[in-house]
Amino acid sequence: MATPLEKWVEEQAKLTKPNKIYWCDGSEDEARRLIEIGMKKEKIGDVPIFQELNQKSWPNAYYHRSHPTDVARTEHLTYVCHPDKEIAGPNNNWMHPDEAKEKMRKLSDGCMKGRTMYVLPYMMGHPDSPYAKACIQLTDVSYVAVSMRIMTRMSKKIIEKIGTREDFVKGLHSVGDFDPDKRFIMHFPDEHLVWSIGSGYGGNALLGKKCFSLRIASWLGFQEGWLAEHMVILGIEDPKGNVTYVTVALPSACGKTNLAMLESALPGYKVWTLGDDIAWLNVGPDGRLWAINPEAGLFGVAPGTSMKTNPNMLKTLKAVNFYPTLFTNTGLDTDTNEPWWEGLDGAVPKNLIDWQGKSWDSSSGSKVAHPNSRFTVSINNCPTLSKEFDNPKGVPISAIILGGRRTQLVPLVTESFNWQNGVYLGARTGSETTAAAAHQVGQLRRDPMAMLPFCGYNMGDYFRHWLNIGKKLTQPPKIFSVNWFRVDDEGKFVWPGFGENIRVLKWIVDRVHNRVKAKQTPLGLIPDAQDLETGGLNITKEKMAKLFEINAQEWKQELQDTEKFLNQFGSRTPSEIWQEHKKLAEQLDNNVSEFEDSIHYGDRGGA
Ligand code: SAT
Ligand code: MN
């Protein structure tokens with residue numbers, strides 16, 4: 001008797017009509033075979049899926065060039081198909097599940113003709129974790145099969161784990177003919193099903209990532225009492241050797257990967273990596289919030305990654321390992337057969353081809369690497385990997401840090417007054433858009449908890465869910481806001497960022513353990529000048545003050561924009577959120593001028 005899993009695979013094969021079905025076992029040998037297939041047999045246009053890179057300088061590394069129209073997530077083609085539109089909310093594109101399936105069935109009919117269907121059994125989370133989920137993805141391209149092996153825990157054992165169950169997570173993926181007009185990423189949360197066609201790009205095609213671990217998992221979390229979040233997980237070790245675990249939500253391409261493996265600029269402090277993109281948060285039996293990273297790999301933005309900005313990432317990419325490492329849409333040095341991107345250390349190589357395979361002319365003003373070019377690498381390569389990474393229980397979280405990319409307005413760091421105030425802080429967070437999704441870069445949009453593109457249900461209900469989780473926590477984490485991106489009048493970043501961000505993390509850890517007091521502002525608590533370690537930083541008092549400046553006029557506009565955003569969710573926006581909103585508006589009216597007089601930053605000055 002066929003199992004429900006076997007039946008499901010068979011049905012999908014009947015529809016998509018592959019030449020062959022190949023069940024992956026997740027082994028090392030198999031990864032090598034898939035790379036071979038990608039180098040010799042599979043192609044996009046006439047470009048092979050994989051090209052071997054210089055194995056001496058980049059061990060086990062391969063290059064992939066995507067279809068030129070397929071370089072980022074496509075939010076406008078991404079749908080969440082709840083039976084009721086209201087449940088999807090104004091934050092999602094919606095289609096009725098019946099209509100969506102009809103559409104997808106037509107597009108998928110015969111879409112794998114001439115190709116192999118790879119069956120990928122994988123686990124999100126450690127297989128022994130009570131919080132982990134067993135999943136199956138079908139795909140018709142070796143790039144996705146190899147990427148999924150890096151990004152998840154893929155193994156034939158997952159097939160045994162699924163056994164005769166029907167509730168496994170299902171993903172059907174085909175690159176189709178890469179036609180952007182026939183590209184859709186459809187989610188069916190009640191069936192734990194993602195159906196994606198027409199794109200081979202990360203967030204559209206590696207269905208365990210954003211599609212399942214955020215959009216569908218957030219819906220499961222809503223029903224089951226946990227949170228699926230777009231967050232880094234890291235441990236911060238202090239000079240005494242105590243480790244404090246925190247999560248950090250930042251939108252795509254705002255430095256999560258750099259933060260996750262930050263090389264501390266403060267002596268005695270060290271950051272341990274647990275995850276760079278997704279956290280599943282559960283209320284533990286002890287009333288604390290526990291985090292696991294469902295993923296097993298890193299899918300980071302290449303441009304700007306260097307020994308200076310993120311030395312641990314370069315070490316990760318160059319580590320000798322049995323997982324392949326992939327580079328997608330970077331440039332290529334044709335003399336050395338090495339990947340290259342803007343910001344990489346060393347001189348610009350003489351003979352480069354760009355991400356589209358054209359020889360690059362430095363005077364053209366165009367980029368060698370696509371701004372959203374990526375690397376895919378196992379987290380096990382990471383020299384700062386926490387020894388708790390594989391702990392099935394996860395790690396207890398003491399602080400949740402929420403941020404965005406704001407060139408104006410938002411202070412370097414603030415601490416919310418309490419959980420409810422923190423949820424409001426998250427709800428009103430905005431960020432300037434990046435190249436991680438196909439839209440205009442640099443536009444301000446509200447991006448609560450960095451989840452706007454990933455919350456698989458109505459965001460009003462999501463805020464309510466956060467408030468409810470807070471009620472279940474007897475030891476809730478403190479909630480903070482950060483902004484590394486404020487600029488001066490010349491448009492230059494004021495805060496040095498990268499390894500210097502440890503200074504902000506240190507203050508957060510000090511606050512968590514009640515080691516320092518803080519100063520009250522309408523927005524929340526900010527550091528007293530002497531408590532934010534600035535020794536050794538070349539930053540003037542005026543600039544430090546600028547990082548914490550609160551301009552009441554600008555903030556009023558910000559609150560108007562926030563109000564418009566929150567109003568979209570009608571009565572689903574919890575009254576507690578409106579209470580906090582009113583409180584902030586009043587505080588801004590009363591307090592700001594008095595408060596501004598009291599900011600004196602940088603008193604301890606340089607080294
Ligand atoms: O495209 S992904 O979702 O995989 C990466 C990102 O945008 O954060
Ligand atoms: Mn992300």
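Each ligand, and each atom within it, is numbered from 1 in the order the structure gives. For the numbers below, each heavy atom of this structure counts, side chains included, while hydrogens, waters and symmetry mates do not.
With ligand atoms numbered from 1 in the order given, ligand 1 contributes 5 (C), 6 (C), 7 (O) to contacts under 4.0 Å with heavy atoms of Arg374. For ligand 1, the atoms closer than 4.0 angstrom to any heavy atom of Lys209 are 4 (O). Of all the atoms in ligand 1, the ones that sit under 4.0 Å from a non-hydrogen atom of Ala436 are 7 (O). For ligand 1, the atoms sitting less than 4.0 Å from at least one non-hydrogen atom of Gly203 are 1 (O), 2 (S), 3 (O), 4 (O), numbered in the order shown with element in parentheses.
The heavy atom nearest to atom 8 (O) of ligand 1, out of those in Lys210, His230, Arg73, is found in Lys210.
Met123 is not listed as a side-chain neighbour of Thr152, based on a closest heavy-atom distance of 4.5 Å or more. Put simply, the side chain of Gln12 does not reach to within 4.5 Å of the side chain of Met112, judged on heavy atoms. Looking only at side-chain heavy atoms (C-beta outward), Thr384 and Lys315 stay at 4.5 Å or farther from each other.
Partner of Thr257 under the side chain to side chain contact (heavy atoms under 4.5 Å, CB included) criterion, chosen from Asp277, Asp276, Asn312: Asp276.
Protein N/O/S atoms found under 2.8 Å from the Mn ion (ligand 2), listed by chain and residue number: Lys210 NZ, His230 NE2, Asp277 OD1.
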Next on the checklist: salt bridge (charged side-chain N to carboxylate O under 4.0 Å, His left out) for Arg183 and Glu75? Distances and angles first, verdict last.
Outcome noted: CA-CA 11 Å; Arg183 184 174 294 162; Glu75 291 175 9; over 6 Å; no
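Geometrically, ligand 1 and Ser252 share a nitrogen or oxygen pair separated by less than 3.5 Å.
A salt bridge links Arg406 with Glu558: the distance from a Lys NZ or Arg NE/NH1/NH2 to an Asp or Glu carboxylate oxygen falls below 4.0 Å. Asp345 and Lys308 are not joined by a salt bridge, as no carboxylate oxygen comes within less than 4.0 angstrom of a charged side-chain nitrogen. Ionic pairing of Asp354 and Arg65 is not present here: no N-O contact between side-chain nitrogen and carboxylate oxygen is shorter than 4.0 angstrom.
Trp355 does not carry Lys367 over the face of its six-membered ring by the limits of under 6.0 Å from the centre and within 45° of the normal.
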